[in-house]
A.B. asks: 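Pasting a structure below so you can have a look.
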Amino acid sequence: MRACWIAVCWLGICTAGCTTTRIVGLPTRDTLVRDQLVIYSDFNLPRHHRLVEELVARLQDVSNRLRLPVSYEPIHVYLFESADRYQKFLTSRYPDFTNRRAFFVETDTRLTVFAYWGDRVAEDLRHELTHGYLHTMVPHLPLWVDEGLAEFFEVPRGRNGLNRPHRDLLLEENSHGTWHPNMVQLEQLSSAGDMTQLDYAESWAWMHFMLETTPARRDLLQNHLARLRMTGKAPPLSSELQRLEPRVEQRLLEHLNHLARP
Ligand SMILES: [Zn+2]
């Protein structure tokens with residue numbers, strides 16, 4: 001089971017009343033404010049840690065790649081020093097989420113990320129903060145697009161969003177006849193809890209296909225997001241993409257195979 005499946009992002013979860021002062025056991029020892037990020041930790045986080053620098057820079061990456069204007073709404077990040085402390089916090093406050101390595105919560109007034117300083121904290125924070133950045137820019141983002149973009153931007157900078165575990169999984173499943181691209185099926189998903197590992201991987205694949213292949217596909221995605229941002233609604237991406245080019249599922253498979261070439 002891969003990281004994101006564990007680090008499910010429970011968007012829109014009801015946390016009414018969960019203010020900073022009322023959540024028991026939240027990290028409060030150190031606070032670091034960098035642009036819109038407010039990072040609370042229970043250990044001393046170096047002021048210019050390279051991970052923090054990367055997370056701050058990622059906002060501009062997201063904005064530039066998706067052609068969306070930056071919003072500076074604060075995102076609150078609670079960073080635990082150990083998995084043990086994090087698990088104890090989850091057990092007391094979010095008992096249904098205890099198998100998740102990190103997660104993102106959005107309420108009407110606050111964007112919050114919870115994570116711990118483990119081996120995969122960089123990947124987890126890139127993923128969860130992508131959700132945070134996206135939600136400051138575009139309301140009503142379809143779940144699968146939200147997750148696909150988070151999977152794209154969780155990859156370290158300089159790799160052009162290539163998520164190799166996803167690529168390998170999709171090609172293997174396709175070779176066994178157990179997976180075939182189906183964007184319409186992704187568009188039916190309404191709960192992160194219903195998403196399988198393959199759903200996350202395919203969501204990433206479509207986003208990579210649209211952002212990293214042709215200008216026409218990239219423009220289509222950017223225009224789709226712009227429309228969502230301006231009006232809160234847009235036609236399904238599947239219908240827009242089918243209008244742009246036929247047999248798009250086959251084109252996606254060709255793209256994945258191209259990515260697997262040495
Ligand atoms: Zn996510």
A.B. asks: Is a side-chain N or O of S175 found less than 3.5 angstrom from the main chain of E172, in a donor-acceptor match?
C.D. replies: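 Yes, S175 side chain to E172 backbone: donor-acceptor pair under 3.5 Å.
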A.B. asks: Rounded to the nearest 0.5 Å, what's the gap from CZ on F80 to OG on S41? Could you check?
C.D. replies: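 Separation between the atoms: 10.5 Å.
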A.B. asks: Who are the side chain to side chain contact (heavy atoms under 4.5 Å, CB included) partners of Q242, not counting sequence neighbours?
C.D. replies: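 For Q242, the residues satisfying side chain to side chain contact (heavy atoms under 4.5 Å, CB included) (neighbours in sequence not counted) are V248, E249.
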A.B. asks: Considering non-hydrogen atoms only, spot the tightest contact between D124 and A102 and give its length.
C.D. replies: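 Shortest heavy-atom contact: CB-CB, 3.9 Å.
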A.B. asks: Parallel, tilted or perpendicular, judged at 30° and 60°: which one describes the rings of W204 and H208?
C.D. replies: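 Rings of W204 and H208: tilted, 30 to 60°.
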A.B. asks: Got a donor-acceptor contact below 3.5 angstrom from the S239 side chain to the P236 backbone?
C.D. replies: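 A pair under 3.5 Å: yes.
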A.B. asks: May I ask you to check whether H131 and E106 show a side-chain donor-acceptor distance below 3.5 Å?
C.D. replies: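 No pair is found: no donor N or O on one side chain lies under 3.5 Å from an acceptor on the other.
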A.B. asks: Determine which pairs satisfy salt bridge (Lys or Arg N to Asp or Glu O under 4.0 Å) with at least one residue from residues 204-216, sequence neighbours left out, and list them in order.
C.D. replies: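 Only R65-E212 qualify under salt bridge (Lys or Arg N to Asp or Glu O under 4.0 Å).
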A.B. asks: Would you say the side-chain atoms of T112 pair up with the backbone N or O of H76, donor to acceptor, closer than 3.5 Å?
C.D. replies: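 Judged by distance alone, no pair lies under 3.5 Å.
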A.B. asks: For the NE2 atom on H49, are there more than 12 heavy atoms of other groups (residues, nucleotides or ligands in this structure) within a distance under 6.0 Å?
C.D. replies: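 More than 12 heavy atoms, drawn from other residues, nucleotides or ligands, come within 6.0 Å of this atom.
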A.B. asks: Has E202 got a side-chain atom pairing as donor or acceptor with N182's backbone, closer than 3.5 angstrom?
C.D. replies: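 Checked: pair present.
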A.B. asks: Measure the spacing between CG of L45 and CZ of R29 and express it to the nearest 0.5 Å.
C.D. replies: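 That separation rounds to 11.5 Å.
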A.B. asks: Listing request: all ring pair (Phe, Tyr, Trp, His ring centres under 6.0 Å) pairs with a residue in residues 231-252, at least two apart in sequence or in separate chains.
C.D. replies: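 Sorted pair list comes back empty.
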A.B. asks: Quick one about H166 and Y200 (side-chain donor to acceptor, distance below 3.5 Å, no hydrogens or angles considered), yes or no?
C.D. replies: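 The criterion, which ignores hydrogens and geometry beyond distance, is not satisfied for H166 and Y200.
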A.B. asks: Would you call R164 and D168 a salt bridge, taking side-chain N to carboxylate O under 4.0 Å as the test?
C.D. replies: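 Salt bridge flag = no for D168 with R164.
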A.B. asks: Could you check whether the rings of F103 and Y94 sit parallel, tilted or perpendicular, using 30° and 60° as the cut-offs?
C.D. replies: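 Taking Y94 first and then F103, their aromatic rings stand perpendicular (interplane angle over 60°).
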A.B. asks: Excluding sequence neighbours, so at least two apart, what forms side chain to side chain contact (heavy atoms under 4.5 Å, CB included) with N174?
C.D. replies: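 Partners of N174 by the side chain to side chain contact (heavy atoms under 4.5 Å, CB included) criterion, ordered by chain and then number, come out as W179, H180, L253.
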A.B. asks: Between R157 and R58, is any pair of side-chain heavy atoms under 4.5 Å apart?
C.D. replies: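 A side-chain contact under 4.5 Å exists here.
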A.B. asks: Any salt bridge (Lys or Arg N to Asp or Glu O under 4.0 Å) involving residues 33-43? Give me the pairs, sequence neighbours left out, ordered by first then second residue.
C.D. replies: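 Only R34-E53, D42-R85 qualify under salt bridge (Lys or Arg N to Asp or Glu O under 4.0 Å).
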A.B. asks: Determine whether the side chains of R227 and H224 contain a donor N or O and an acceptor N or O closer than 3.5 Å.
C.D. replies: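 No, because no side-chain N or O of R227 sits under 3.5 Å from a partner of the opposite role on H224.
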A.B. asks: Whether E123 and R126 form a salt bridge (side-chain N of Lys/Arg under 4.0 Å from carboxylate O of Asp/Glu) is what I want to check.
C.D. replies: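 Result for this pair is no, no salt bridge flagged.
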A.B. asks: Is there a side-chain contact between L79 and F43, using heavy atoms and a 4.5 Å cut-off?
C.D. replies: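 Yes, at least one pair of side-chain atoms sits under 4.5 Å.
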A.B. asks: Got W144 and L149 here, is their nearest side-chain heavy-atom distance under 4.5 Å?
C.D. replies: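 The answer is no; the side chains never approach within 4.5 Å.
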A.B. asks: Side chains of S203 and E147: do they bring a donor and an acceptor to under 3.5 Å?
C.D. replies: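 Judged by distance alone, the side chains do not pair up.
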A.B. asks: Do I75 and L129 come close enough that some side-chain heavy atom pair is under 4.5 Å?
C.D. replies: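 Heavy-atom side-chain distance check passes, below 4.5 Å.
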A.B. asks: Tell me, do L259 and H255 make a side-chain contact under 4.5 Å, heavy atoms counted?
C.D. replies: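 Result yes, sub-4.5 Å side-chain heavy-atom pair found.
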A.B. asks: Do F104 and F114 touch side chain to side chain, with heavy atoms closer than 4.5 Å?
C.D. replies: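 The answer is no; the side chains never approach within 4.5 Å.
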A.B. asks: Using modelled atom types and a 3.5 Å cut-off, is there a donor and acceptor pairing between side-chain atoms of R217 and backbone atoms of L211?
C.D. replies: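 Between the backbone of L211 and the side chain of R217 there is no qualifying donor-acceptor contact (under 3.5 Å).
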A.B. asks: Partners of P139 by side chain to side chain contact (heavy atoms under 4.5 Å, CB included), sequence neighbours excluded?
C.D. replies: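 P139 satisfies side chain to side chain contact (heavy atoms under 4.5 Å, CB included) with no other residue.
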A.B. asks: For L241, does its backbone N or O pair with a side-chain atom of E245 as donor and acceptor, under 3.5 Å?
C.D. replies: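 Answer holds: no.
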A.B. asks: Between Y86 and Y116, how do the two ring planes meet: parallel, tilted or perpendicular, split at 30° and 60°?
C.D. replies: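 Aromatic pair Y86/Y116 classed tilted.
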A.B. asks: State, to 0.1 Å, how close P46 and L32 come at their nearest heavy-atom pair, and which atoms those are.
C.D. replies: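 Taking P46 first and L32 second, the nearest heavy atoms are O-CD2, 4.2 Å.
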A.B. asks: On a heavy-atom basis, which atom in L228 and which in A234 lie closest, and how many Å separate them?
C.D. replies: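 What the structure gives for the nearest pair is CD2-N, 3.8 Å.
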A.B. asks: Do other residues, nucleotides or ligands put more than 12 heavy atoms under 6.0 Å from N64 CG?
C.D. replies: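 Counting neighbours around CG of N64, more than 12 heavy atoms of other residues, nucleotides or ligands fall under 6.0 Å, so yes.
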A.B. asks: Do H135 and D146 touch side chain to side chain, with heavy atoms closer than 4.5 Å?
C.D. replies: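 The answer is yes; the side chains approach within 4.5 Å.
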